[in-house]
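Some notes on the structure that comes next.
Because the structure is predicted, anything quoted here is derived from the model rather than measured. Worth knowing before you read on, the calculation uses all heavy atoms, side chains too, and leaves out hydrogens, waters and symmetry mates. The chain is numbered in sequence order, starting from 1.
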Amino acid sequence: MSTKPKILVTHKLPETVQDYLNLHADCTFWNEEGSMPRSVILEKVSDAEGILGGTIDEELLSFAPRLRVASTSSVGYNHFDLDAMRAHGVIGTHTPYVLDSTVADLVLALMLSAGRRIAELDAYVKQGKWQKGTSGTELFGVDVHHSTLGIIGMGRIGEAIAQRAVFGFDMNLLYHSRSPKKEIDERFNARFCELDELLRESDYIVVMTPLTPETKHLIGEEQFNLMKSSAIFINASRGATVDEQALIKALQQGKIRGAGLDVFDIEPTPVDNPLLHMPNVVTLPHIGSATARTRNDMAELAAKNLVEALNGGRAYVVQELKDLVPN
Ligand SMILES: NC(=O)c1ccc[n+]([C@@H]2O[C@H](COP(=O)([O-])OP(=O)(O)OC[C@H]3O[C@@H](n4cnc5c(N)ncnc54)[C@H](O)[C@@H]3O)[C@@H](O)[C@H]2O)c1
Ligand SMILES: O=C(O)[C@H](O)CO
């Protein structure tokens with residue numbers, strides 16, 4: 001009989017990562033597209049000590065009496081019910097650092113695209129509108145270089161965005177986070193400020209906090225009312241950090257100039273979401289970390305986290321559950 005821990009993997013992994021897991025665990029894989037259906041997870045998790053992927057909630061935990069570690073191949077872990085995991089003594093791990101640059105690249109792309117109207121004007125050319133003649137001014141956008149960028153949530157990805165914005169585009173940097181960071185101030189000649197001040201002063205506003213009870217709807221009607229009418233608003237964190245209805249209203253009423261969104265309240269977002277029908281809004285299907293190399297790195301790290309945490313080794317355990325790790 002195998003002495004390796006039993007693990008359940010609920011989405012397809014690269015072959016090399018499966019090979020690694022097979023060396024260290026008795027694995028049940030899912031090799032079809034999409035994720036393992038919930039009913040199958042609930043059935044197969046009954047004897048698992050580790051799980052890689054998916055939502056961890058009270059229901060799943062009640063079907064998993066032997067579960068010790070849940071690993072997610074994402075840095076965000078708002079799909080972990082942390083209270084329930086604590087109550088069941090289950091450790092959670094995630095994948096910080098390996099995706100910072102890829103997500104930061106995408107945020108800059110959203111800023112450039114929304115600010116300089118790339119997607120909108122690409123359609124303009126392809127639809128033959130250019131041929132009809134233009135005064136020119138109607139095609140104007142908002143400069144990225146030498147504008148003021150306000151980053152809300154100056155963590156790992158926030159810092160990678162700052163690096164690109166300050167050194168690549170000569171932007172001035174404001175940030176709001178849980179606390180000021182001296183090294184950020186010095187390195188980027190940046191200034192920590194309260195949220196209201198950041199919203200009033202920034203030309204580009206990027207939300208990059210995790211989704212937690214404190215950050216849910218951090219940006220709503222009151223916050224949009226403080227922004228410049230020329231502001232470009234970017235969300236690449238989680239949809240629910242922003243009150244989506246308030247964002248729609250702010251755009252409809254011209255309270256801000258445009259937006260770039262990688263994340264939505266409901267994903268996939270319904271096709272009748274008004275945001276999808278506004279030319280000044282650039283929309284993406286939650287692809288912040290979606291390059292082959294980065295997704296492979298995330299899968300490798302998630303697998304390593306699972307094996308290490310099951311064996312008492314070093315893993316990226318989520319902050320809120322670190323005290324559950326035996327010394
Ligand atoms: N769009 C995507 O594909 C994509 C990819 C990766 C990460 N994300 C999201 O980005 C988030 C951030 O990732 P990270 O690795 O930079 O995390 P991080 O923990 O390094 O940084 C988050 C920062 O937000 C700050 N913060 C937390 N609560 C706050 C609050 N109430 N007010 C102000 N600041 C607050 C923290 O102090 C921290 O500095 C993830 O949790 C995830 O939800 C999205
Ligand atoms: O949190 C993350 O890592 C990204 O959103 C990918 O899901």
Considering all heavy atoms, the nearest M111-L149 contact: CE-CD1, 4.0 Å

Under 3.5 Å donor-acceptor, D81 side chain and D83 backbone: yes

Under 3.5 Å: donor-acceptor pair, side chain of T95, backbone of M298: no

Check: F167 ring centre within less than 6.0 Å of F188 ring centre: yes

D185 and K181 ion-paired at < 4.0 Å: no

Chi angles and distances behind the side-chain hydrogen bond (donor to acceptor under 3.5 Å, both in side chains) call for S147, D143: CA-CA 7 Å; S147 290; D143 270 328; over 6 Å; no

Considering all heavy atoms, the nearest V107-A236 contact: CG2-CB, 3.8 Å

Proximity of Y77 and H94 rings by center, below 6.0 Å: yes

Inter-residue atom distance R68.CZ - L310.CG, 0.5 Å rounding: 5.0 Å

Salt-bridge present (K6, E49; N to O < 4.0 Å): no

Carboxylate-amine/guanidinium contact D26 K4, below 4.0 Å: no

Side-chain donor or acceptor of R117 paired with backbone N/O of S113 under 3.5 Å: no

Whether over 12 other heavy atoms sit under 6.0 Å from N189 CG: no

Under 3.5 Å: donor-acceptor pair, side chain of N305, backbone of L301: yes

F233 ring center within less than 6.0 Å of F224 ring center: yes

Nearest atoms (heavy-atom pairs only) where L306 meets S71: CB-CB, 3.9 Å

Contacts of type side chain to side chain donor-acceptor pair (under 3.5 Å), residue R295, not counting sequence neighbours: S289

Minimum heavy-atom distance between G220 and A246, given as atom pair plus value: C-CB, 3.8 Å

Under 3.5 Å donor-acceptor, E267 side chain and F264 backbone: yes

N296 vs E300, side-chain hydrogen bond (donor to acceptor under 3.5 Å, both in side chains): CA-CA, chis, key distance, verdict: CA-CA 6 Å; N296 191 70; E300 276 180 6; 3.3 Å; yes

Heavy atoms of other groups near E183 CD, more than 12 under 6.0 Å: yes

CG/L23: more than 12 non-hydrogen atoms of other groups inside 6.0 Å: yes

Side-chain donor or acceptor of T241 paired with backbone N/O of R238 under 3.5 Å: yes

What donor-acceptor contacts under 3.5 angstrom involve side-chain atoms of residues 193-200, with partners at least two apart or in another chain?
unit_1	atom_1	unit_2	atom_2	d
E197	OE2	R191	NH1	2.8
E197	OE2	R191	NH2	3.2

Flag, side chain of T93 to backbone of A315, donor-acceptor distance under 3.5 Å: no

Side-chain heavy-atom pair T55, L60 within 4.5 angstrom cut-off: no

Nearest non-hydrogen partners of A162 and I151, listed with the distance: N-CD1, 3.9 Å

salt_bridge(K12, E32) N-O dist < 4.0 Å: no

Basic-acidic side-chain contact under 4.0 Å: E59, R38: yes

